[in-house]
Amino acid sequence: MSVSTLVSVAEPQADEPPRTVRGRAARARALSRQLAMALLTILLISFISFFALNHSADQLGKNVLGRQASRAQLDAFAASRGLDRPLIVQYLDWLWHFVRGDWGTNLAGTQPVKPLVLPAFAHTSELAVITLVWSVPIAIAVGVAVARRGGPIDRGLFVVMTVLAALPEFVVGLTVMIALAVQLRWFPVASNAIGLGTPAEQVKAFVLPSLTLGVGVVPYIWRITRASVLESLSAPYTRAAVLRGLRRHRVIWRHAFRSAAVPLVNAIAINIIYLMGGVIIVENVFAVPGLGRLLLAAIAQGDSHTALAIIVLLGAVFVILGLLADVVVTYLNPRLRGSAR
Amino acid sequence: MSVDGMMQAGDARSRVVRGLAFLRPVTHTWMGRIGLFLVTLMLVVIVFGPALAPHPPNQLNVGLPLTRPGNGLVLGTDNLGRDVLSRLLTGGRMVLLVPIAAVTLATLTGGLVGMVAAYVGGLFDAIVARVFDILLTLPPLLIALAVIAGFGSSVLVLLLTVAVVFAPQIGRVTRGATAAVVTADYVQAARARGERRITIAVREIAPNIMAPVVSDLALRVTYGVIFVASLNFLGLGAQPPSSDWGLSIANSLGYVQVQPFASLAPVVGVAALSVGLNLIADSMMRYLSNDSVKDSML
Amino acid sequence: MATKDTDRSDRNSANPLTYVASRRSVLAVGGAGLGALFLAACGGSPASSPSNTKSAGKPKKGGTLRVAISDADTSDALDPGVIVTINAAMCLNNIFDRLLKIDDTTLAATPALATAWTANADATEWTIKLREGVKWHDGSDFTSKDVAFTFKHWLDPKAGSAVNLAVAPYMDASGVSTPDASTVVLKLNKANSIFLESVCTSFGSGILKDGTDFSAATVAGTGPFKLKSWKPGQGWSLVRNDDYWNGAPYLDGIDATVTPDQGAKLQGVLAGSTDVTDTFPTALWSGLQGRSNVALETIKAERAWVFTFDQDKAPFNDQRVVEALRLATDRETLLKTAFQGHGAVAADIAVTSESPFYPPGLKPEYDPAKAKQLLADAGYPNGVDVELSTSSGVAGMSEVAQAWQQIVKDSGFNIKLKEFPATTYWSKGWLQTAAFQDYWHNAFPSVLFDYFYRKGAVWNGTHHDDPAVDKLTGEIYATLDADKRVALSQQALLEARKTYSYLIPLFVDAGYARASKVQGLTWDRVSSIDFSRAWIA
Amino acid sequence: MSTSSVALEISDLAVAYTQRDGSLSKVVSDVDLTLHRGKVLGVAGESGCGKSTMALAAIGYRPGAMRILGGTSRLSDVDLLGLPLAKLRQVWGSRVVYVPQASSLTLTPALTIGTQMAEPMKLHLGLRGQELRARQVELLTEVGVPNPEAALQRYPHQFSGGQQQRINLAIALSCNPEVLILDEPTTGLDVTTQARIMSLLQRVVAQHQTAAMLVSHDLPLLAEVCDQVAIMYGGQVVEAGPVETLLSRPAHPYTKALLAAVPDPSGKRALSAIPGAPPHSVVEDACPFAPRCLHAIEQCVQGNPRLEVFEGSQSVRCVRAGEQVALTIDDRPLQLPEVRSGSSLLRVGDLWCEYRSRRQGTPVVKGVSFDVAQAETLAIVGESGSGKSTLIRAIAGLHPLSSGSVRFEGVELAPDAGKRPRSIRRDMQIVFQNPDMSLNPRHDVMSLIARPMQLFEGELSRRDREERVRELLSQVNLLQSMAHRYPAELSGGQKQRVAIARAFAANPKLILADEITSALDVSVQAAILSLLSSLSAERGTSVVFVSHDLAVVRAVAHRALVLQEGVVREVGPVDRLFESPEHEYTRELVNAIPTFGADAGGFQAPVASA
């Protein structure tokens, strides 16, 4: 799925009235309220997820033991996992342990959840960071460079980006794999090395999945960049800057881009969310031992401990990301920092 | 300038001209025209495809399994010996109809809530905004998985899933668009006249948020196409023996080197549809925002 | 002894939601039976592709194999009892040994950890002599205590072991005794002339060390390889056990990585970055054929596809309808279509025609005209609607269903496919609906009867009961005479075929990829690939 | 005027825009202007006459669609029109400075004032570190930004509009430019702020001997600060000369008409509008003003006259320039309809309103009381932020009251418009400031105007309604054919006429007019004001007229109420307020109005209190 599924690039970014935050105390109050809200949200999500994930004890038993499991085995399984208790008790039990740092074991009872989830989280984060590190600057550079020109390059790029954005991930993934791994043999076909290999192998293993993800990220960021830079290039202050004799790159990067950066921050935040939580296809194609695959398997199996740990972790990431984006946006848009008047 | 403004540029224009003029936002750029062409082509395929298909899409052994194009089979056969061309011609419905239906549903729910929230304002608006924010932070695929894990997979569930994913996104856009309109003096004037709320919503607000909302919807349908194709690809939507493009891609990707056309054909179908819709949406947005940089001299 | 058997076949390459369940789908019938015969059909080596291991010259030592596996899960554990994926099977079965090794080809039992095994006259008590001088990977000695521990583990329902199904009906924990360090005696509750063989063809039948702690990070076996590292759902690596009782392996070690996507796994083999894989869906086979550096290893008739119809429910309560369905099924076309011809047609029994158990002269029939007539006789002159439960999450199932749907259409059967998600198929579709799909592994007829035909058989979806079959099965278990068992089995199979509404149209082959330079691999239904004699040219 | 004093000499400048179809549309032609050191040249004219285009072209700025067809613009020895962009950049911001329109938008919102001020100085003067900082502080001090050290760290939005314009000026002056071009520098600013900025400009020009060009449509403003004035029409200069003579003895009918459209704060002269609109491009073969000119004769349409010396240094582009008689303007004395005394239509008592943001409310209207009699026009005057808009919205039932009452014909009204009886909603109509926002762009003129009738006079048949709409259209001087146009197809003035027609469609007893002309050109403003006056006079409608422009108030209102920070400072008959203001704030407002000295035909500079 393309990253652009997440949020429309056409979204008017100015649809929120500017928030005015007054003073440090008020800001702290707002922050703590936001955090409380976020915690509540995560709690709610975990609650809903728990019940959504609910399967009958027998089905869970068959999922783990295989379909030939006998009645006695199924009952023993249910008893050993506490599946014979009322759901709400199971949930509260999970919550009670979770908040105290005990994430429980997977459904099969063979793995503690923490060492299962944390490395996957690390790998997914690494992949996300690596992807952002190369794709965002490229997208921004291309977006800004072309926004100022218009003309054939812009149009050509537009078509390229539109097509890239329209290609399903699985197509991109297989294509880069066949080209760069099978034909040219520059990179490994499977990226298991992310979890298992030496540092050098790890680096190589990140290339193809990151490239595939980037093909989704670049058009999205490019689009936002282009739109907002175009808008700010036609703003009076840009003309004023030109008329002060400032050089082109300074006008573009300092005046136009700086002012256009707010929607961009939101776009990047959205992309991080996507990269953290939605890269299941790429993880599958390249055998990346990441969160998405783990979550998918957990959901399919009804492994609620693992699934909930991941969901809560992702929720926390999104909350932190949201707060961070707010801070960055506030930094970039001084209007939000409160008014002296 | 507004769409109407452009459309109504003369008093004497006939209805026919006005009728065609609504395409102007799409056709004013060559990219929009390409988009329109692609989408029209795909629509023809989707609407008339089943009638044009040389074989029933599920007929087995039209040729030997996995034969390449030739012998009257334009695109060859898939792993069950079914005609790839026939499956291409019949497999586009879900990829197009589900997003359209889902976007419609999402607009009727999320869009309406967003509009009402912005119009009513106050606590209700704050709560709605918050709920949208929360829903927007969840990765769509995650939502899809949760819904499907809970309700199993069927076309209806798929449709609901896509609608659930899109509702807050559309709601956010309509809320923003409405918030921009609701303070406009013409709305105030209507209030001062004592117009009923519903009249204000229908007469004053709705026509004015159409432009941004509609161009957003066009884009949303585009994403819907990819999203549905992805869900079908993951086996979460359409089920065999459906000739759905997403499902066909998933099923034929494995033997891409043996019979590439079996996967390429639906890939091209999905891509053409999504690229076409994307170009149209963009053309419309350009039309509405008038984004030219004539005044920069950089 | 039904084995818990992994679903090692074609699963939809990119369908992550379904693959978990597909591997759970595990059913198993059948393991191989003892002495048996089953799969005599596959004739010759399991690796029967042209580029066979035989061609290769003299084995040499050294090298590490790179293995790519699609079928894996993070819940894979270092407990042979709960193996449900090929990943776990391949790893653990090269670490642990079974009491007997059952040859997939001849189904003959050869000594492994057991050097001799004998039953009393009524087949209710088995005495097992253990190999001496065998050491665990941690250096300790292998004794009868370990075997006793293992049997008790299997019998404990809490352990969730797949072997439970093969042992629990016949014995309880008190039946295990160890007269001395190298002797184990098993007392059964009822006669079973192939008890030990059926146990050893079950998944997870590796012998465990007394007191094994399954929550530990590593595990000690007696097998050809020692565990070096283990990452659930990601991969593992093994190193050579130089002290292996059957002679140290040639390979230095094995590195396995999990590659969930079948397409990606294929590309890895083609790119030369993978030496050996687990099984591929048949649709991908042609991608492997005709290449000099890669060979496709096929395992003949690896499983049978089965349609089950509930004889309590219309229209299947009329045996003519079922007969019509059998006659309407063009098995050759079905095989050609669903699996590109990779397999063999079946005559509604889950035994291949090459098997000694196969009733002589039995042939599948295809006669659509007769089918139509029978259907009309049964009161459906205008055809009949049938709803078939299926799941595209179970590899190959959906292909069979789709092809069959088209094939029987002309004879007046309007099949409607009722799709279940892989997660719920085995709990809601299988056994619970009037017409559903299943797959069986070729097995000893008595084992098949135990599970699908006998009175009270847990998986009898036909809900039919034929005392004649039940009686014959009891006789098979009670006799130690192999020839008599064959004759009884043939008789039982024919009887069962007549009265039970199972439609078994075909066997399908499995296949995995191997780099041409890799030699000496053997496929074994329980271990999947056995690396103990493998070497790199 | 010795040659050495010439800073920028524009000659024969002609500019065109590339149209969508690729053709060129000439928008400036034949412009010759000279800027002298230490002097201010004013350029005036209605919007769309090519003032800004000319000014931009003169410094060589030619974005995408703009083509310079010919002419030169000499800065010392350099012709700016021939310079490549790289060279122009060296000139811009250092020797020639252009301060664009919309001062509040010309500072980049994301950068601090300090950063933005530093840029040109670093670039053009190479200033760094302490020196740079000292210069920044010096400049801010010079333009009168309080607390300059702190100001450098702040962002544009943290300053008021007036302060922002001062900062713009500081940036403009930072490199000691030879030429300073200001495009509409005071649009959107209050009269008092405007006066302060202008006196600052005058001081700067005198001190630094800068040559300045001031582009504005505000003639009184130009009269105040300029030495020379050029009037542009249809892309050409139609009249130019020293400010004293040009504005007191205008020779071109257009100049005259512009002057006549300016409200006369002395209250002696009625407003007169210029009918029609300026041409979109240069007219080559006739006098471009002829179609709107009261004095046009045959000769006017036979060729575009040349700019010729009229008297002394005054030059005019008119064939009838010599005929003084033809150029008299309509000097009707100002007359307002009579108020029916003793009958209070609207009574506002101790009204308090607050502006709510989050949980805190800030009072913006603090205890306002007043009466409006039948047929009376009451003006509410105040600077932006004085609460006048909130007040009028509260009366209209669009803003909640904190306390107080609004009575109409003696009946107390519900604070929310929706809860008021139909008759009240009908009798009281509001007209908003910005016609772009007050007309729903999705409805045509017919449906817009017919709506109140539909609502309040449901018994009217469709045909009757349309008949009434046509009647109203002619009353507001719109063509019948406009009935089926959409707002986007109308000019600002036309839209405001539609808005007024809509207000009168309900036959109201009271019109609430909220800054209805502030978004319009002077010439259009005059037309709208006289329209409102005559309609209300005809129908005996009372009007509450909100404005920030005292001069405008004098032309239309009987009484005025001066509002400052939500408090009524003074109420009284307009004449009295102007002649003997009692409150200090009123006095300040009155003094800040640029006045045409009516007696001598000359101008009096206001007393600026900068």
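Keep in mind that what you see is a predicted model, and the values were worked out from it rather than measured.
- Contact of Arg254(A) with chain D is made through backbone and side chain together, with heavy-atom distances under 4.5 Å.
- Here the straight-line distance linking atom CZ of Arg250(A) with atom CZ of Arg89(D) works out to 13.0 Å at 0.5 Å rounding.
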If you apply the rule side chain to side chain contact (heavy atoms under 4.5 Å, CB included), what do you find for Leu123(D) with Arg247(A), and how did you get there? CA-CA 9 Å; Leu123(D) 184 71; Arg247(A) 288 198 189 97; 3.6 Å; yes
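- Using a 4.5 Å heavy-atom cutoff, the side chains of Tyr237(A) and Leu111(D) are not in contact.
- Closest heavy-atom contact between Leu56(D) and Arg239(A): CD1-NH1, 3.5 Å.
- Among the candidates Lys122(D), Glu119(D), Gln116(D), His124(D), the single residue satisfying the side chain to side chain contact (heavy atoms under 4.5 Å, CB included) test with Leu246(A) is Glu119(D).
- Between Leu243(A) and Val96(D), the closest side-chain pair of non-hydrogen atoms is not below 4.5 Å.
- Between the OG atom in Ser94(D) and the CZ atom in Arg244(A) there is a gap of 13.5 Å [rounded to 0.5 Å].
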